[in-house]
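Let me begin by presenting the structure, written as structure tokens, before commenting on it.
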Amino acid sequence: MGAATPEWPGDTPFSCGWSWEMATGASVNVGVVTTSLHVGTHADAPLHVLQGAPASESLPLEAFSGPAIVLDAQDAGEGPTLTVAWLEAALEGLPMPVRLLLRTGRTVAGGTFPADWPVLTPEATGWLLHGGLKLLGVDAPSVDSREAKELVTHVRLFTSGAYLLENLHLDGVETGLYHLTAYPVLVAGADAAPVRAVLEAAR
């Protein structure tokens, strides 16, 4: 997350300044950050899409650490193109994922907000949840499409006891099994929380 990281169009961009500076006579440097919590890699909380739902401090740490499968969806097109058939083919030889990370290539990591990106169909989301999915992560800005208004994937995940990560940096990460550590920062009362995500070779 930094000044070069694009925000969702119309949202609050990232900026960093100073409350106190040693260069102007203060005894210490103290920084102040202004940003939407959806800039850079973050975990949405149910409150983001469900009024009165749990906020960011309720995000369960166990969902954000453990075995994870990365799938390459760069050639899947845009919109709801990730079907059950696509998942079955992409997961060949791999177990049903508890944590699934989708590498779409439509990422803000290069400094540009993408026009759109591939997302799961409702049937594919249900298939994954039935198979035990607890976390869905994407390198795109959202698990729903850019023009979506009802955010059906968000709602389906949260109402099924699953969680999500957005704006992951998956460039160069191959399809396969990994260990993910991506704990949300403890921010109280918010609809999302920043995350520092780390992938390691499967243990």
Side-chain angles (χ1 to χ4, degrees), residues 1-65 78 99 101-117 119 135-155 157-158 162-173 180-199:
M1 180 193 307
T5 307
E7 72 279 7
W8 192 284
D11 203 354
T12 303
F14 175 93
S15 64
C16 183
W18 299 101
S19 296
W20 295 313
E21 293 184 78
M22 296 175 72
T24 59
S27 59
V28 292
N29 291 315
V30 175
V32 58
V33 168
T34 300
T35 185
S36 165
L37 292 172
H38 298 268
V39 174
T41 306
H42 63 277
D44 285 348
L47 180 61
H48 181 49
V49 294
L50 298 166
Q51 186 62 34
S56 50
E57 71 271 17
S58 71
L59 292 168
L61 296 183
E62 61 271 16
F64 297 90
S65 179
E78 296 177 342
R99 298 169 191 84
L101 310 181
L102 297 172
R103 181 186 175 198
T104 70
R106 281 75 153 188
T107 169
V108 300
T112 302
F113 197 90
D116 207 350
W117 44 86
V119 297
L135 180 72
L136 175 64
V138 293
D139 61 351
S142 177
V143 297
D144 283 290
S145 62
R146 178 169 175 166
E147 301 303 322
K149 302 302 180 188
E150 296 182 356
L151 302 185
V152 293
T153 303
H154 282 76
V155 172
L157 291 170
F158 290 138
Y163 297 89
L164 61 99
L165 293 168
E166 295 170 332
N167 281 336
L168 291 165
H169 185 60
L170 296 175
D171 290 0
V173 179
L180 172 70
T181 303
Y183 293 132
V185 174
L186 182 55
V187 180
D191 72 307
V195 166
R196 180 67 180 266
V198 176
L199 274 180

Keeping the roles fixed (side chain from [X], backbone from [Y]), state whether a donor-acceptor pair exists under 3.5 Å.
| X | Y | result |
| --- | --- | --- |
| E166 | V143 | yes |
| R196 | A182 | no |
| D144 | T153 | yes |
| T5 | G2 | yes |
| R103 | V173 | yes |
| R99 | G137 | no |
| N29 | M22 | yes |

[X] versus [Y], closest heavy-atom pair with distance:
| X | Y | result |
| --- | --- | --- |
| S36 | D11 | OG-OD2, 2.6 Å |
| V33 | C16 | CG2-SG, 4.2 Å |
| A43 | L59 | CB-CD1, 4.0 Å |
| T112 | P6 | N-CG, 3.6 Å |
| P9 | R146 | CG-NH2, 3.4 Å |
| L164 | F158 | CD2-CZ, 3.7 Å |

With a 4.5 Å heavy-atom cut-off, do [X] and [Y] have their side chains touching?
| X | Y | answer |
| --- | --- | --- |
| P46 | D191 | no |
| L101 | L180 | yes |
| T41 | M1 | no |
| L135 | F64 | yes |
| W18 | V32 | no |
| L170 | L199 | yes |
| P13 | V39 | no |
| V195 | L165 | yes |

To the closest 0.5 Å, what do you measure between [atom1] ([X]) and [atom2] ([Y])?
| X | Y | atom1 | atom2 | result |
| --- | --- | --- | --- | --- |
| L37 | H42 | CG | NE2 | 8.5 Å |
| S15 | E7 | OG | CD | 10.5 Å |
| F113 | R106 | CZ | CZ | 13.5 Å |

May I ask you to check whether H38 and N167 show a side-chain donor-acceptor distance below 3.5 Å? no
side-chain contact (heavy atoms from CB on, under 4.5 Å), that's the test. Do V119 and L102 meet it? Break it down for me. CA-CA 9 Å; V119 297; L102 297 172; over 6 Å; no
The side-chain contact (heavy atoms from CB on, under 4.5 Å) partner of S58 among P54, S56, P60 is P54
My understanding is that only residues two or more places apart in sequence, or in another chain, count here; which of them pass ring-ring contact (aromatic ring centres under 6.0 Å, His included) with H154? H48
Residue list, side-chain contact (heavy atoms from CB on, under 4.5 Å) with T107, at least two apart or on another chain: A109, D139, D171
Walk me through whether V138 and L168 qualify under side-chain contact (heavy atoms from CB on, under 4.5 Å). CA-CA 6 Å; V138 293; L168 291 165; 5.9 Å; no
May I ask you to decide if the ring planes of W8 and W117 are parallel, tilted or perpendicular, using 30° and 60° as cut-offs? perpendicular
Between D44 and V49, does the side-chain contact (heavy atoms from CB on, under 4.5 Å) criterion hold? Intermediate values first, please. CA-CA 9 Å; D44 285 348; V49 294; over 6 Å; no
